[in-house]
Amino acid sequence: MDEGRQSVDELVARLHAGTLTEQGLRAAFAEAVKSNSGCQELLILEASDSSPASTINAFSHFKDGEPQVVADDPEQWPYQTPLAAVKDGWRITTFPEMALQIVAEEEWHGVGFRFVLERTSP
């Protein structure tokens with residue numbers, strides 16, 4: 001059982017035992033909010049194809065609404081694939097849009113293979 005669920009179970013047990021006070025409930029809620037607050041980070045990754053295991057061609061990082069400095073050299077990026085970022089705790093919020101647009105007969109242009117990932121950091 002995870003830690004957050006244990007806290008709920010403990011509160012319910014205290015409620016049933018008649019020992020849960022308004023102050024105790026407010027303190028538990030404040031702690032839960034505090035533990036869930038943090039700074040949102042975004043990764044915008046342009047990949048070589050639509051697979052999360054594909055190689056990243058472009059890398060952007062935003063933390064708390066501010067762009068972060070990213071190395072020009074792809075070898076220095078912290079992740080080489082979207083999947084590597086997922087394994088490090090990032091969540092994919094947007095997968096590549098696979099809609100294609102016909103510009104001329106036999107000429108197709110896609111909108112790219114952009115993955116958007118997010119996480120909350122302390």
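None of these values were measured; they are calculated from a predicted model.
Listed by chain and number, the residues in a side chain to side chain donor-acceptor pair (under 3.5 Å) with Trp90 are Tyr79 (sequence neighbours excluded). For Ala53, the side chain to side chain contact (heavy atoms under 4.5 Å, CB included) partners are Ser51, Leu83, not counting sequence neighbours. With sequence neighbours excluded, no residue forms a side chain to side chain donor-acceptor pair (under 3.5 Å) with Arg14. Residues that satisfy the side chain to side chain contact (heavy atoms under 4.5 Å, CB included) test with Asp73, not counting sequence neighbours, are Glu75, Gln76. Applying the salt bridge (charged side-chain N to carboxylate O under 4.0 Å, His left out) test to Glu22 and every residue at least two apart in sequence or in another chain returns Arg26.
Considering only heavy atoms from C-beta on, Leu43 stays 4.5 Å or farther from Val116 through its side chain. A 4.5 Å side-chain heavy-atom check between Phe95 and Ser50 finds every atom pair outside the cut-off. Put simply, the side chain of Thr120 reaches to within 4.5 Å of the side chain of Arg91, judged on heavy atoms. Counting heavy atoms from C-beta on, the side chains of Pro74 and Phe59 never come closer than 4.5 Å. Under the 4.5 Å side-chain criterion, counting only non-hydrogen atoms from C-beta, Pro82 is in contact with Ile56.
In this structure, Trp77 contributes its side chain and Val70 its backbone to no donor-acceptor pair below 3.5 Å. With Gln68 contributing its side chain and Glu66 its backbone, the two residues share a donor-acceptor pair below 3.5 Å.
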request  = Take Leu45 and Leu117 through the side-chain contact (heavy atoms from CB on, under 4.5 Å) test and state the conclusion after the steps.
outcome  = CA-CA 8 Å; Leu45 308 176; Leu117 299 91; 3.5 Å; yes
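A side chain to side chain donor-acceptor pair (under 3.5 Å) check over residues 52-62, counting only residues at least two apart or in different chains, returns the pairs Glu41-His61. Counting only residues at least two apart or on different chains, no salt bridge (charged side-chain N to carboxylate O under 4.0 Å, His left out) pair has a member in residues 50-62.
In this structure, the separation between OG1 on Thr93 and CG on Leu42 is 7.0 Å, given to the nearest 0.5 Å.
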